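Below: one structure, written as structure tokens.
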Amino acid sequence: MQELEDHQYCRHHKQCLKLSSLRERGENHPFVSDLKKSTGFCSSFQSEMDFNWDEYLEELGATAAPHTSFKHVELSLQSSFQPGMKLEVANKTCPDTYWVATIITTCGQLLLLRFCGYGDDRKADFWCDVMTAELHPVGWCTQNNKRLQPPEAIKEKHSDWTEFLIKELTGSRTAPTNLLEGPLRGKNTVDLIVSGCVLEIRDACEPCVYWAARVQRNVGGRLCLSYIGLDDPAHFIWIFYLDTRLRPLGWAKENQFPMEPPTELRDMKSSEEWTEALEKATAEALKKPLPLEVFKDHADLRKHSFRTGMKLEMVTPREPFHICPASVTKVYNEYYFQVTVDDMTAEATPRSVVCHADSPAILPVQWCLKNGVGLEKPRGFQSQDFDWADYLKYSGTEAAPEACFLNASVSRGFCKDTWLEAVNPLQPAEFCVARITQVKGQLLWLRFEGLSKPLADCIVDVESMDIFPVGWCEANSYPLTAIRKAVCQSQKKIAVYCCSQIFINHRCFSGPYLNKGRIAELPQTVGPGKCTLVLKEVLTMLINSAYKPARVLRELQLVEDPKWNCLEETLKAKYKGKSYRSSVRIVRLAEQVSDFCRTVCVRLQCCPNLFGPTLVSDNCPENCSIYTKTKYTYYYGKRRKVGRPSLAESTQDGDTAKSSRRRKKRKTIFVQKKRRSSVVGYNNTESPQDDDDDSVSEEGSSSEPHEEAPPRSYMDVSRRGRPRRSITQRRVTHPGTTDQSPLRRTTRSHSYTHNQPSGHACTKPDHTEEEEARLVLERNPLEWSVSDVVDFIMSTDCASLAKIFQEQDIDGQALLLLTLPTVQECMDLKLGPAIKLCHQIERVKVAFYSQYAN
């Protein structure tokens, strides 16, 4: 689920970066030109160009309705592939062979597959990209004389694989051919519906009558349809593709329903003309039919239990501004029934609508009373006050039982005073900015902003497919009737919030937080576009390029300047299987982008030119390439002040140390511990940003003084984390002493000598202890098998961890590559056990260098 969530977030983010081009395409689209003329909001699209949701919400201090509340929009973003589908996949371990695989889950155009035969074993699951992988529908190998062969790992699991496949494929669903090959390959469900497609639509007044309709335009799943035989734009209808009124072409005939033109339009042409138009359109559409996957998410209708004469409450159809009493006037079948608004006037024109058990906007009797909402009394009703008990008694009818209705208390996360985009109920082609003024059970009251003629609050169901999240119109290049402001929006003001390209200069120093290799894989430029969007994309890339993304996210939270005009954006980081979210302030003005980028770089202790609006070619103005990490941190880091000397400067042989204070000594890693002695060690090179991990102090005897660890430097250890082959001789001054011999290392031993704490004399190497600590290998560890590694671990004080080495198949070569960060992350060990284990691994490394490396 987390991968899906991450993918949807990234997909939305990429859409936002393309909005400027989408606007241009939308404005120039011929359909939009016709739309402007026919709907009368010619200036609306230009207003939308000037309207910015982020600025507007920030100005009001308001929030947008959560995107997860719009169920139909969430479904429209899902992949066309479904878990459980079967397909044939190339077997990479055995060239020119294929095997049947099952789709486990999807993430955009990525599929998680498992070869048939593995059962519930997830170890062999693998991801592939629909656009690049060699995927085929079931049966492709037979048709093309290709060889079907199970993977080697499970080859012996079944004796008869043909029989196994027959059982496995019986009753299963194969991935559609058109989703694996051709122009529709890898497309989402919504993208399968293109202009010119033909489908069937149920009559609005007769639920058992259907007619064909052609797709004129698809806007993110919202379809503009024209009835076959009638191409007049005045009769176009808008409907979301998940509406139960829509069916694939041929469905009515298959289910023995009549195909007749819409009731209200039937008299516009003769029966022969309608029939001829239908036959022609059907013949053309069958050559390129609409994929059935479009209808996979359509909800199945449940049977209703309404009877003719039952009373209920209903939002008035076509003008949904009131709730009024209504009656069930006709029951068509077990799925559909007709509801008519009660009207007692003599000249009443029936206002009826066809409903099903899950229809929105139908409510049980007394719903308004229980929720504190006013109920509009029927037209012609004589009494001043409306009371349901008296009304039912007067009409001699019964109320529909509450069991007939959906759960009327589900709000799906909508809250009062949040904002969204909604369809104008009086003009279905028009989208408006709307605010939720009330939430009562499953109903929302929306106030439309920006209309030339104000409307009363519109009542919609939370399941309505005419409401959309903030930014939906912009993402789908559709005009939004935005709020008209008195303030003139000049081109200069628009340019203020847009920045040029942001360059990522790969040659610049990446600092202790960012992985140089991952930085090198990033694109060289991002943008141009809106400042906050471009910078958010860049910061997301930096977080993903970090040794520990959560640490970089924490540092970015601290980047702030009271002079900046900022907007809070939510950034995410993943580390060790956990997800982190945090709000980071990002500048909105183009003139502040350069200062912001430089401040972030300094905060991350990298070159101030690592990213920003300036392109650095070969030579960085900061000369960052001449610094080692320690020296660079000295100048640009946040932990040392410029001009302050290091606390642990090493001295020349024969000189005395300048400090006699008792200092805390860093904990050493991978160095043999000695009895009754402190430790001389070297620093860890992995993930240098983790001060609380690699700078742990270790206590010796309570009477022993501590020596200061040397400053970090690339000269202390090799880049791959291997132990030093030599150690710099140093002098350490203890309280009360004036002269001590330097600490030395013997030439043949891989143990280090240690100074015994004494007030008057220096210690000499203890050769007996060196021999005890030294490990002698009988065989080169590069030749060790997994069992050899396990035997060695069992012989140490880390025997309890031997099982991990067995499970992860760690042989001798892999053992020599293990480091502390690797052990902690891959084996999920705490720091103490990890250090203990790495100490034993280091003994093997030291012995290997001594016996076999030369």
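In this text, all values refer to a predicted model and were calculated from it rather than measured experimentally.
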**Study point:** Short side-chain to backbone donor-acceptor contact, Asn255 and Phe257, under 3.5 Å
**Key:** no
Exercise for review: Look only at the side chain of Thr345 and the backbone of Gly380, and say whether a donor-acceptor pair between them is shorter than 3.5 Å.
Suggested key: no
Practice item. Answer yes if the ring centres of Tyr241 and His72 are under 6.0 angstrom apart, and no otherwise. Key: no
Check your understanding: Does the separation of the ring centres of Trp388 and Phe386 fall below 6.0 angstrom?
Key -> yes
Revision key, fill the gap. From the list Val73, Ile239, Asn476, Val423, side chain to side chain contact (heavy atoms under 4.5 Å, CB included) with Arg222 holds only for Val423
Review point. Do the ring centers of Phe431 and Phe448 come within less than 6.0 Å of each other?
Key: no
Check your understanding: Hey, would you say the Trp472 and Tyr478 ring centroids sit under 6.0 Å apart?
Key -> no
Exercise for review: Give the ring-plane orientation class for Phe240 versus Phe468, where under 30° counts as parallel, over 60° as perpendicular and anything between as tilted.
Suggested key: tilted
**Study point:** Glu421 side chain to Gly471 backbone, donor-acceptor under 3.5 Å
**Key:** yes
Review point. Taking Asn371 for the side chain and Lys440 for the main chain, is one N or O donor matched with an acceptor at less than 3.5 Å?
Key: no
Review point. CG/Leu290 to CZ/Arg247 distance, rounded to the nearest 0.5 angstrom?
Key: 13.5 Å
Practice item. Check the pair Asp358 / Thr244 against side chain to side chain contact (heavy atoms under 4.5 Å, CB included), numbers first and verdict last. Key: CA-CA 11 Å; Asp358 298 329; Thr244 55; over 6 Å; no
Point to revise | Centroid-centroid distance, Phe70 to Phe414, less than 6.0 Å | key: yes
